[in-house]
Amino acid sequence: MKRLYLVARIAAFVALIALCLAGQTKKHQYSAREKAFYADPALVDFVRPGLAITINSAKISSAGVISVTYTLTDPSGLPLDAAGVNTPGVVSLAYVAAYIPKGQEQYVAYTTEQATGAVLGTITRPFFELGSGPGGPVAPGQYQYTFQAKAPTGFDPTVTTTVAVDGNRNLTSFNLGTSYAGTTFNFVPNGSAVTVTRDVVETQSCNTCHDKLAFHGGYASGMQMCVLCHQPQNADPVTGNSLDAKVFFHKLHMGSQLPSVIGTASTPGVPYQIIGFMNSVNDFSTVIDPATPQRCEVCHSQTTKAAQAKAFLTEPSRAACGACHDDVNFVTGANHPGGIQADDQQCANCHIPQGELPFDASIMGAHVVPTDTAATYPQNPDALLAGINLAITSVTNTSAGKTPTVNFTLRDDKGNNIALSSTTTLSFTMAGPTTDYGYTSFGSDTASTPGYVTESVSKPACSSSGACSYTFTHAIPTSAAGTYSIGGEARTSVMVSVLSGGNTSQQAVSLGAKNPVVNFSVDGSAVVPRRTVIALSNCNNCHVDLSVHGGLRNNTEYCVLCHNPSNTDASTRASATVAADKALPPQGINFNLLVHRIHDGVNASADGTGPKNPYIVVGFRGSHNDFTGTLYPAMSPTGEATYLQNCSMCHVNSSEQNDLPLMGNLNQVTDPQGFINPVQPTSSACSGCHVSKPEAAHFLANTDSLGESCTVCHSAGAQFAVDAMHTQ
């Protein structure tokens, strides 16, 4: 028997090798986001990091036994041994099975668990099976798993049934991290073709902001798997909150804007919380959707080819709409102009997909962002809502010591001139040189705007064609050399009609122009624009239309003119509305420090591992802007938010790595609340995320009178290269 066993093992191993050799058609190329990209090639060839799961078939027997056959391979398609014996790395797996009842649109789970909480008591809700192993081997890399859950007697074999297999391959012993993968498979148990699916939101829509949608320790990935469990059966028994996708996902993204969280003058707000695994408290009450929840099509994209992409327009429901508008009581009719609604049958009568004009009760009209009206309602007769566009056509008189003249136009999206008198703001900002802004003085009266000067346009000269010009009162410094920049900002306000509850009212809407920036030489040398570190389009993957400072600033190329190495919030801190803010020194607001620290948010707490002080910026009129609670939406492979290791979500051309050698030539950064002040440029950028005192000590220890030595260890190809240290 022992000999037969050995012969069988050898035969299986030979078959595995043969299949590997036959199946290896093309070697997988690892990206710079993966540890394997930087690892020893010999180690990579041996381990073959990565994981791919393919479901080959699934079935339900007449007795209700559910099974699935699937294949585990590496990224090149070579089979893997789930046990980690014949190939490196144990593969752990989870399984889900669910079906869509006839005449319905959402799933009901076969795989469930019992959960108990104070509000709902004991409930049965969807869950996944971890199983006792990968199931029985069918062929090298191929397995068949039989579910513990069964379809009940009398189950319907004619409806769409879906199984999911998610897993991870642990390669940490090889310093190659853990690989994650997952997939779903639709079938009809009686063998009929699949005609009914649940496909409202595609994963690619989520990933524009979340990077790679994943949850539950990496055992759930992608919307196709999420909707199997996040359906009407699912709830949190502790709080009573629904975990149905159309409720839960809307509430997640509303977060801090939920009426129930905000509360009223007489009723305090209630935190929106979900009690999760191991009784973890998941509080979403501070979430701010970077795109604003009004932009429904960020998630409900019409370009991803989701089968039910228009469902949010054609199937309004109390559950979905009441998720965001959770101060509406459909039973009593409170806060609902349409009164009591016993079911969803009447919703679409008032809430049609889109009306003729914005700001009505239609779904698109009720959710339109004022600045989006030109694109959403091209027939809108109000020219002012057709946009405002500031263009700098040229800059003249640009020699050192001269006062430059800005030639510009101000027009709407249709090309019509906008009267300058209708603007509430029209200004131009000058800074330089582009090698690094921040330490150029434009006069003793610009102390409150270090490194730049901003002038409001007064008495511009305009022709009948709309060509205007403005000459700065401040001159380019006489010692100036190289390339300087001028950027502009403009804003107008218009009253629009808003229809609510059958009544029409007037609402003021502010529109800001995109900030133009023009570079020019002050000494006859070639024009050299400032280095490009990030792309505005990357920002807008999440923000859709990045706009700050009341809509005035919306171009990162313009932001850096003011958010430069010498600038702080000193000019506003003295008027801080919060007494504690006045007691602290100014806060550094150089762009690389500011943006990293803002996005690092909840990771940058002042608890001994965090920064010297919470990152609070005092803004216009002394406003208190605390970014320590910011939840960055990118997800780690295990589904944890605030994952900042994918620098390419913001950076372009690997600037986080490739710009490192030139960082030493940039200006030092004023950081009065930091551990080091002033701080060298590379240290400043890195300290945006690496905020602790020990890390500051590391920066200081590697800086001397000659500068920073960061490139020795962190440049491309070095042992601790920036990109290599940020891989997953």
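- For the pair Cys209 and Met649, the tightest heavy-atom approach, listed with the atom from each and the gap, is O-CE, 3.5 Å.
- Without hydrogens or angle criteria, Asn625 side chain to Val617 main chain gives a donor-acceptor distance under 3.5 Å.
- Among all heavy-atom pairs drawn from Ser684 and Val679, the shortest one is CB-CG1, 3.6 Å.
- Note that the OG1 atom of Thr556 and the CG atom of Asn538 stand 9.5 Å from one another [nearest 0.5 Å].
- Pro672 and Pro585 make their closest contact through O-CG, 3.9 Å (heavy atoms, listed as atom of the first residue, atom of the second, distance).
- Taking the six-membered ring for Trp and the full ring otherwise, the centers of His300 and Phe312 sit less than 6.0 Å from each other.
- Atom CD1 of Ile418 and atom CG of Asp412 lie 5.5 Å apart (nearest 0.5 Å).
- Within the 4.5 Å cutoff, the side chain of Arg573 has heavy atoms near those of the Asp581 side chain.
- Ser485 and Tyr437 form a side-chain donor-acceptor contact under 3.5 Å, judged by distance and modelled atom types alone.
- To the nearest 0.5 Å, the span separating OG on Ser427 from CG on Leu552 amounts to 7.5 Å.
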message: Run Ile388 and Arg491 through side-chain contact (heavy atoms from CB on, under 4.5 Å) and show every step you take.
response: CA-CA 8 Å; Ile388 175 173; Arg491 182 171 58 193; 5.9 Å; no
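- Using a distance-only test at 3.5 Å, with no hydrogens or angles considered, a donor-acceptor pair links the side chain of Thr449 to the main chain of Tyr452.
- Nearest heavy atom pair, residue Asn554 against residue Lys514, reads OD1-CA, 3.1 Å.
- Thr630 OG1 to Arg597 CZ: the interatomic distance, rounded to the nearest 0.5 Å, is 11.5 Å.
- A donor and an acceptor atom, one from each side chain of Glu455 and Thr473, are located under 3.5 Å apart.
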- [ ] Quick one: do Thr670 and Asn590 satisfy side-chain contact (heavy atoms from CB on, under 4.5 Å)? Show the steps, please.
- [x] CA-CA 8 Å; Thr670 303; Asn590 185 40; over 6 Å; no
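- At a threshold of 4.5 Å between non-hydrogen side-chain atoms, the residues Leu546 and Leu536 count as touching.
- Every residue two or more places apart in sequence or in another chain was checked for a salt bridge (Lys or Arg N to Asp or Glu O under 4.0 Å) with Arg530, and none qualifies.
- A distance of 10.5 Å separates CG of Asp326 from CG of Asn335, quoted to the nearest 0.5 Å.
- Closest approach of His596 and Gly688 over heavy atoms only: CB-CA, 3.5 Å.
- No side-chain heavy atom of Gln657 sits less than 4.5 Å from a side-chain heavy atom of His651.
- Taking the six-membered ring for Trp and thresholds of 30 and 60 degrees, Phe520 and Tyr484 have ring planes inclined between 30 and 60 degrees apart.
- Asp545 and Ser547 share no donor-acceptor pair across their side chains, judged by distance under 3.5 Å alone.
- For the pair Leu252 and Val287, the minimum side-chain heavy-atom distance is 4.5 Å or more.
- For residues 463-496, the set of pairs meeting the disulfide bond (SG atoms under 2.5 Å apart) definition, not counting sequence neighbours, comprises Cys462-Cys468.
- Here the side chains of Tyr558 and Arg553 are in contact, with some heavy-atom distance below 4.5 Å.
- Ring geometry for Tyr632 against His599 counts as perpendicular: the plane angle is over 60°, on a 0 to 90° scale with 30° as the lower cut.
- Looking only at distances, no side-chain donor or acceptor of Asn667 sits under 3.5 Å from a matching main-chain atom of Pro681.
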Trace of the side chain to side chain donor-acceptor pair (under 3.5 Å) decision for Thr208 with Asn541: CA-CA 5 Å; Thr208 58; Asn541 283 335; over 6 Å; no
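- Considering Asp372, Val369, Val368 as possible partners of Pro358, the one that fulfils the side-chain contact (heavy atoms from CB on, under 4.5 Å) test is Val368.
- A centroid separation of less than 6.0 Å is found between the aromatic rings of Phe408 and Phe428.
- With a 6.0 Å radius and a threshold of 12 heavy atoms from other residues, nucleotides or ligands, Leu584 has its CG atom above the threshold.
- Side chain of Thr440 to main chain of Gly432: a donor-acceptor pair is present (N/O by atom type, distance under 3.5 Å, no hydrogens or angles).
- Counting heavy atoms from C-beta outward, Asp211 and Met635 have side chains that stay 4.5 Å or more apart.
- Under the side-chain hydrogen bond (donor to acceptor under 3.5 Å, both in side chains) criterion, Ser463 pairs with Ser465, not counting sequence neighbours.
- When each of Thr403, Thr454, Asp445 is tested with His474 by the rule side chain to side chain donor-acceptor pair (under 3.5 Å), just one qualifies, namely Asp445.
- Atom-to-atom distance recorded for Cys324:SG and His367:NE2 is 6.5 Å, nearest 0.5 angstrom.
- The residue from Val527, Thr398, Val528 that alone fulfils the side-chain contact (heavy atoms from CB on, under 4.5 Å) condition with Ser521 is Val527.
- A heavy-atom distance below 4.5 Å is not found between the side chains of Gln673 and Asp569.
- No donor-acceptor distance shorter than 3.5 angstrom exists from the side chain of Asp436 to the backbone of Leu666, with no hydrogens or angles considered.
- Asp671 and Asn677 make their closest contact through N-OD1, 2.7 Å (heavy atoms, listed as atom of the first residue, atom of the second, distance).
- Here the side chains of Asn417 and Thr409 are not in contact, with every heavy-atom distance at 4.5 Å or above.
- Side chains of Ser655 and Asn653: no donor on one and acceptor on the other come within 3.5 Å.
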